Every structure is written in structure tokens, then in C-alpha cells.
There are 2 protein chains.
Amino acid sequence: MAELNSPPSDLSRPGPDSTVDAFEGEARAYFAEGAQMLGLPKSLGEIYAVVFLSPQPLCMEDIIRKLHISLGTASQGLRQLRRLQAVRVLSVPGDRRDYYEAETELRRLIGHFLAEVVAPQLQSGSSHLDAMRARLPEANVVARSHYRRRLAKLEQWNRAGTRLIPRIAKWIRI
Amino acid sequence: MAELNSPPSDLSRPGPDSTVDAFEGEARAYFAEGAQMLGLPKSLGEIYAVVFLSPQPLCMEDIIRKLHISLGTASQGLRQLRRLQAVRVLSVPGDRRDYYEAETELRRLIGHFLAEVVAPQLQSGSSHLDAMRARLPEANVVARSHYRRRLAKLEQWNRAGTRLIPRIAKWIRI
DNA sequence: TTGCAGTTTCAAAAAAAAATGAAATGAGAC
DNA sequence: GTCTCATTTCATTTTTTTTTGAAACTGCAA
């Protein structure tokens, strides 16, 4: 209840508020878990949570202050979020800081994730499959046809994935 | 070329063969990367690769010998693969060891992954959202409606995911 | 320019995740 | 039932990932 009308050091930002903190804490946990399921660092999810919830765009310093993380973590986390286009960068004239706001369209978030994370994975997979085909064991006829069948199955998976990816982004409605 | 006709210690298994090794090495890399993209341990992918490629079912000892991993890693990896129903257990009468063969139907692999990994995540997410709704900041009217809008968006995502999951498994063709 | 706030980088530290292997457990051959 | 060997468990070690923060860099305001 301390500073309802007395901002802490910056004019326009609200001070500590226990209901906001509890609410934000849940949101951070929500996104942290989501990030981890996608194989991304927990801190990435937390940074996104803070930007997602904020009514105004935030600068890096705001994020550091809210999450008590280091400069390095914030900088690298924001870099990744930018790469995934999960945040947009805004420039304020007369202020050299970068401000961030969240991309909140699930359709776009998924589209960028597919393009930045899944597609490269499929491409790398495809290289492994090419290498496998070049090294098909010569062994005996029975074994060879077994390996060939397995490889064919993997190639089928990879092709299916490659064809599907561009379509999924379009199918998403929300 | 050493032991083309002289199995190493077990009658029915082929000995070292450099073309098989190179082929399998690529397959292990393929599945290791795939596992990591799904947030699963690399060793899980490698174990699956070995079982997936093997013409015969393998026992744990076979896997340990092929991958040079410890008993504990093999046991825990197989436990997870069983949980995901990515491998099936076979019993051979008169042999107390368990033998494993791979589930190779992508449709089923995806279905089990959705059920065992994604669905619980959505459920947990849903709890966080409930907690958020119970803690909606009371602040001023403008802020409150902003938070409410954000929360509604997350709830919409979660519902979409929950509705989608059972359908995806059916849509998969391969 | 020049100075400096804002940002990035990166070597080192900390934390988290995974692997190890010996001891405990347990299933099934005998 | 007993004994053996396959498997599980789990405290410890190793490896990998993430975080930290100080130094280098950048580009804008003055």
C-alpha cells in the first residue's frame, strides 16, 4: 500500500502493488513453463510475460528492475525474442533507449516459431537423411532392405513435415 | 572388417561394421536433434534411434553396448520411451530380459506425445490462468481492463489448444 | 567531434540437467 | 521356495546450459 501516489524514481510508472505482483507472478510462471516446453530458456518466457502484460512499452532497464535479472540475461533474452519476432522494437524520439512491446497474435507467434525453429530443424534432419542414404549398409540383402525401409520412413516423415509447415501457419485461426 | 563371420560374444548379433556404424551414427544424430527440439534428453533420441533401426528387438544390454552408456541412463531412457509409448516391451519365454521394439507409426508417436507431454502442460497452464483471474489487479479502471483483455487472450489460447489436441492426432495421415 | 547512456559481448560463475554406477529391488528360472 | 540375474533407484559426479557483470562497443544528443 506504500506508494499509491508516489512513483519510486520514475515519473510515469506505478510502484509496487501486491495484487499486480501476484497476477504477474502467475503470468510469469505460465510463460516460463510454456517456454520450457518449447525448449527455450525459462527467462525468455518471463521476459515475454512482463512485456506481454505491460500496458506501455518497456525498456530493458524496466525489465531488469521487474525481474531482478542481469543486464546480460535481459540483453540476450530480448535478442532471442526479437529473432522470434515475439517482441517489436519501438524508438522514442529524443530517448536513445529501445522500447519493447509484445506480439500478441498467436497466429504470428506460431508462424515465426515454425520459421525460426522448426524449419531449420527439418532442414538439418534432411541433411542427416541424405548422409544416411549415402551410407546405406551393404551387409546382406535382408538387412539392407530393412535399413532401406527404415530410411524411407524417415524421409517420408521429413517430407510430410516440410510440406505441412507452411500450411499450419495459415490454418491457425486465433 | 574384423568379424564378419565371428559374432563377438552373442550368437545371433552382427559384429562391428563400419558402414552400419556410419549409417547408425547419422540416424542417432537425427533422432538426438529431434529429441532436443521436443525438450527431451539427447540420450533418449539416441536410444530410440538404435531401437528404431534394429532388425531385431533389443534388450537393455544391447543398447548399453551399442551406445556406451551406463545402466542407469539406459534404464531411465527406456522408462521414458515406454511412458511415451515410443517403444514396446516384448517378453521372450525362457529369457528373463525385456526386449524392446520401436513404435514406428508417426501418427501414434505424435498422439502419445500430445497426450503425455502437451496435454498436461495445457492443464497446468489452465491452473495458472485460473489463479490469474482470481488475482486480477484492482488498480484503476483503465489498467484493470487492460489486464482483463490480456488474460482473456491467454484463456482463448488455452481453450484453442485444448480443443485442438484431440483433433490433431486424427488429422495426421502418415 | 566528444561524451556518455544504452547495448552487446564474452569469460567466468552458478545453476540445472543428465549420466554414472553401486546398492537395493524384484521377477522368473530352476 | 531359493537363487540368479535383469532392472530400478538414487546419491554422486560430470556435463551442459544459463546467468552474471565488467569491459568493449555504438550511436545519438549536445
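Sequence lines set the chain letters: A, B, ... in the order given, protein chains first and strands last, and positions in each chain run from 1. Because the structure is predicted, anything quoted here is derived from the model rather than measured.
- Atoms CD and OH, on B:Glu61 and B:Tyr99 in that order, are 10.0 Å from each other to the nearest 0.5 Å.
- With sequence neighbours excluded, no residue forms a side chain to side chain donor-acceptor pair (under 3.5 Å) with A:Ser75.
- Between the side chain of B:His146 and the backbone N or O of A:Leu53 there is at least one donor-acceptor pair closer than 3.5 Å.
- Side-chain N or O atoms of A:Ser54 include none that pairs as donor or acceptor with a backbone N or O of A:Val51 at under 3.5 Å.
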Return a table of donor-acceptor pairs under 3.5 angstrom between the side chains of residues 118-125 of chain B and protein atoms on other chains or two or more places apart.
unit_1	atom_1	unit_2	atom_2	d
B:Ser124	OG	A:Glu33	OE1	2.5

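- Remark: A:Arg88 engages A:Glu101, A:Glu103, A:Arg108 in a side chain to side chain contact (heavy atoms under 4.5 Å, CB included) (not counting sequence neighbours).
- Using a cutoff of 4.0 Å between basic side-chain nitrogens and carboxylate oxygens, A:Asp62 and A:Arg65 are scored as salt-bridged.
- Within a 6.0 Å radius of NZ in A:Lys153, more than 12 heavy atoms belonging to other residues, nucleotides or ligands are found.
- The distance between atom CD1 of A:Ile64 and atom C1' of D:dG21, rounded to the nearest whole Å, is 11 Å.
- Contact check, B:Thr73 against C:dT20: a side-chain N or O comes under 4.0 Å of OP1 or OP2.
- Across the protein-nucleic acid pair, A:Gln76 atom CD and D:dT17 atom P stand 14 Å apart, rounded to whole Å.
- With a 4.5 Å cut-off on side-chain heavy atoms, A:Glu155 and A:Arg150 do not count as touching.
- Atoms CD1 and OG1, from A:Ile63 and A:Thr73 in turn, are 12.0 Å apart once rounded to the nearest 0.5 Å.
- Heavy-atom distances under 4.0 Å link DNA chain D to B:Arg79, B:Arg82 of residues 78-90 of chain B, given in residue order.
- If you take CE of A:Met60 and C1' of D:dT20, they are 13 Å apart, rounded to a whole angstrom.
- In this structure, the CG atom of B:Leu67 is 15 Å from the C1' atom of C:dA18, given to the nearest Å.
- Between the P atom of C:dG6 and the OH atom of A:Tyr100 lies a distance of 13 Å, rounded to the nearest Å.
- Atoms OH (B:Tyr99) and P (D:dT7) sit 9 Å apart, rounded to a whole Å.
- Atom CG of A:Asp62 is separated from atom C1' of C:dG6 by 13 Å (rounded to the nearest Å).
- Regarding A:Arg97, its CZ atom lies at a distance of 14 Å from the P atom of C:dT8, rounded to whole Å.
- For the atom pair CZ of B:Arg133 and CZ of A:Phe23, the computed distance is 8.5 Å after rounding to the nearest 0.5 Å.
- Near DNA chain C, meaning a heavy atom under 4.0 Å from it, residues 33-44 of chain B has B:Pro41, B:Ser43 in order of number.
- At a threshold of 4.0 angstrom between heavy atoms, the contacts of B:Glu61 with the nucleic acid are absent.
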Contact state string [nucleotides 23-30 of chain D, B base, S sugar-phosphate only, - no protein heavy atom under 4.0 Å]: ----BBS-
